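Beneath this line is the structure, given in structure tokens, with notes to follow.
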Amino acid sequence: MEDTICAVSTAPGAGGIAVIRISGPEAIAICNTIFVPRITGKDLLSQKAYTLRYGSIRRDKELIDDVLVALFRAPHSFTGEDTVEITCHGSVYIQQQIMQLLIESGCRSALPGEYTQRAFMNGKMDLSQAEAVADLIASTSAGQHRLALNQMRGGFSHELKNLREQLLHITSLMELELDFSDHEELEFADRSELSTLATHIETVISRLANSFSVGNAIKNGVPVAIIGETNAGKSTLLNVLLNEDKAIVSDIHGTTRDIIEDTVSLGGITFRFIDTAGIRETHDAIENIGIERTFQKLDQADIVLWMIDAADASLQIAQLSEKILPRSEGKQLILVFNKADLLTDRQFKPTDLPDNVQSIFISAKKREHIDELQDLLIQAAHIPSLSSNDVIVTNIRHYEALTHALDSIHRVQEGLSANLSGDFISQDLRECIFHLSDIVGEVTTDQVLGNIFERFCIGK
Ligand SMILES: Nc1nc2c(c(=O)[nH]1)N(C=O)[C@@H](CNc1ccc(C(=O)N[C@@H](CCC(=O)O)C(=O)O)cc1)CN2
Ligand SMILES: Nc1nc2c(ncn2[C@@H]2O[C@H](COP(=O)(O)OP(=O)(O)OP(=O)(O)O)[C@@H](O)[C@H]2O)c(=O)[nH]1
Ligand SMILES: [K+]
Ligand SMILES: [Mg+2]
């Protein structure tokens, strides 16, 4: 028999009310031993599912708190088990007392993610949905929220189910043909029909795999590298964009050496701003390591903010163009002419720059034209507007499984066009199905499951 588990599901030490969740076969019986109903006779054993009961929690005769108790009966609960929720006052002392009473009466403290893991084990949701629960809790922007909610409600699962059904259909045709391989004239699986189906499946899997770059940008933030010469004002700009004194600013060249990054949401899009070490010739070994990292971050970024001291613009552009322009191909490059407050003549216009490069004059220190820079960033982020039923992959585990599935389906396509024997093709089809099944948790190892759920918070 499963253990009956208990945990405080609300944030520790915060709020006027706290919820303690108890789930498992003994949940109702155990809670019944510590709960005293307001009206005698109205104990938990007789309580209907989806109702609240008012009463108190007592240790022997001593009153601990006035509480409300909600009851769910298996299988109609989040976990699929009998579940009781005790809503008490938010005092940490009260919560500890109730937890202690529950444990003395036969519960055990829940592990991180154990409720969601049980929901998965009891078939309430598949693994991709369970993973979305953690994403939903962590979401801080409209985009993250939308994707996590879609996935939790089974958007991705539905798409994968369709794919697997189609793959199973082809596989069974293929394997039926193998069973009758003595009769060479029998070809149950029409090869051209199979290859049309395989093309369709390939299209869907590629679309899903390709959606990861958007999904990742939404979930982890669009990476924006802030680069340029020392003292251009990169760290000043980072602090302005984050609205926080995150990086040290000083008039000493080479102040920033390590990468400093954080996310902020602008116009519903999460941006990950990355402040870097200023680029200059130096003999300082540590600073040079920092500058190497600057170029790594430049390579990883989707958007590059090249900070230039406007008073020294021609020289700085001449000095760094060769290093920055080739590395920024395929990215959005924005030249940010900073310290415009010190400029008397703003007519300076850079020439000889590629067409896709935009430019803007700002004063990071005086916070001038920051709104316009933010608008440029939102445009440059190129996040396609998503409709509510678009399935977007945000999880690297899913992305990897899709990449493997794509490899398998490519082998199927090659096998079909090379007229390979059915048993080779059906093996690749089986592999493709295996990788898709991994996403929903049907063939997933305990170790992978453990890794996923241990990252959840306690009480979820
Ligand atoms: N108090 C409380 N609030 C909560 C949760 C919770 O566990 N407790 N949740 C925890 O994540 C979320 C809600 N998730 C839930 C999901 C399913 C069921 C449930 O009872 N499902 C039944 C009945 C479905 C129906 O009536 O259609 C079932 O699946 O059979 C309850 C909560 C968010 N808010
Ligand atoms: N007048 C003026 N000064 C600025 C502006 N932005 C930054 N500064 C000053 O320029 C100096 C360098 O700023 P930082 O933000 O440290 O420059 P950085 O590019 O991060 O420099 P490193 O980390 O050394 O590469 C500081 O004294 C800032 O106060 C601006 O818009 N106007
Ligand atoms: K500096
Ligand atoms: Mg700096």
Side-chain angles (χ1 to χ4, degrees), residues 5-11 15 17-24 27 48-52 67-88 110 113-126 129-137 139 145 148-149 152-154 225-242 245-261 273-280 282 284 287 290-291 293-294 297 305 307 309 336 338-339 364-365 453 456-460:
I5 55 176
C6 62
V8 179
S9 286
T10 38
I17 299 283
V19 175
I20 296 174
R21 262 206 298 194
I22 303 98
S23 184
K48 286 209 184 99
Y50 293 115
T51 58
L52 283 177
V67 300
L68 281 174
V69 169
L71 203 102
F72 304 77
R73 288 183 187 273
H76 300 299
S77 69
F78 174 72
T79 56
E81 303 172 326
D82 280 351
T83 300
V84 179
E85 293 184 351
I86 300 174
T87 308
C88 63
E114 199 168 4
Y115 294 98
T116 312
Q117 185 162 13
R118 287 188 177 196
F120 164 64
M121 293 298 182
N122 292 327
K124 286 282 158 186
M125 51 178 72
D126 69 29
Q129 291 175 293
E131 288 170 297
V133 172
D135 294 343
L136 185 67
I137 294 173
S139 69
H145 168 257
L149 201 59
M152 188 180 82
R153 305 198 61 177
I226 307 174
I227 58 152
E229 293 204 9
T230 56
N231 272 6
K234 300 178 294 299
S235 302
T236 309
L237 179 65
L238 177 84
N239 291 348
V240 167
L241 290 169
L242 296 180
D245 264 338
K246 182 110 184 164
I248 301 173
V249 166
S250 88
D251 60 4
I252 300 168
H253 289 266
T255 300
T256 306
R257 293 170 167 223
D258 255 342
I259 301 297
I260 303 170
E261 57 182 88
F273 289 111
I274 305 153
D275 181 23
T276 61
I279 303 165
R280 66 165 173 175
T282 167
D284 184 315
E287 194 177 346
I291 295 171
R293 293 188 183 180
T294 299
K297 290 295 165 180
L305 294 182
M307 290 286 277
D309 185 334
V336 182
N338 190 31
K339 311 197 185 183
K365 189 173 181 177
F453 288 108
F456 277 60
C457 32
I458 298 225
K460 194 55 220 167

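First listed ligand is number 1; within each ligand, the first listed atom is number 1. Because the structure is predicted, anything quoted here is derived from the model rather than measured.
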Next item on the list: Check R118, R21, K124 against F78 for a side-chain contact (heavy atoms from CB on, under 4.5 Å) and give me the one that passes.
Entry: R21
Note to self: Can you confirm whether R293 sits close enough to D258 that some side-chain heavy atom of one is under 4.5 Å from a side-chain heavy atom of the other?
What the structure shows: yes
Notebook entry, point to check: Does a salt bridge link R280 with E287, judged by any charged N lying under 4.0 Å from a carboxylate O?
Noted result: yes
Checklist line | H145 versus S139, side-chain donor and acceptor atoms under 3.5 Å | finding: no
Next item on the list: Answer yes or no for T230: is there an N/O/S atom below the 3.4 Å cut-off from the K ion (ligand 3)?
Entry: no
Note to self: Looking at D284 and R257, is there a salt bridge between them, counting it only when a charged N and a carboxylate O are closer than 4.0 Å?
What the structure shows: yes
Next item on the list: To the nearest 10 degrees, could you say what angle the K ion (ligand 3) makes with O of I252 and O of S250?
Entry: 90°
Next item on the list: Side-chain contact test, heavy atoms from C-beta onward, threshold under 4.5 Å: evaluate it for F453 versus F120 and give yes or no.
Entry: yes
Notebook entry, point to check: Side chains of D82 and F72: does their closest heavy-atom pair fall under 4.5 Å?
Noted result: no
Put together the list of close N/O pairs, under 3.5 Å, between ligand 1 and the protein, could you?
residue	atom	partner	partner atom	Å
ligand 1	1 (N)	E85	OE1	2.7
ligand 1	1 (N)	E85	OE2	3.4
ligand 1	7 (O)	R21	NH1	2.6
ligand 1	7 (O)	E85	OE2	3.4
ligand 1	8 (N)	E85	OE2	2.5
ligand 1	11 (O)	K460	NZ	2.5
ligand 1	20 (O)	Y50	OH	2.7
ligand 1	20 (O)	H76	O	3.4
ligand 1	29 (O)	K124	NZ	2.9
ligand 1	30 (O)	H76	ND1	2.9
ligand 1	30 (O)	K124	NZ	2.9

Next item on the list: Output yes if T255 passes the N/O/S-under-3.4 Å test against the K ion (ligand 3); output no otherwise.
Entry: yes
Note to self: With a 6.0 Å cut-off (strictly less than), is the heavy-atom count around CG of L68, excluding the residue itself, greater than 12?
What the structure shows: yes
Note to self: Counting backbone and side-chain atoms alike, is an N, O or S atom of T230 positioned under 2.8 Å from the Mg ion (ligand 4)?
What the structure shows: no
Next item on the list: Answer yes or no for S235: is there an N/O/S atom below the 2.8 Å cut-off from the Mg ion (ligand 4)?
Entry: yes
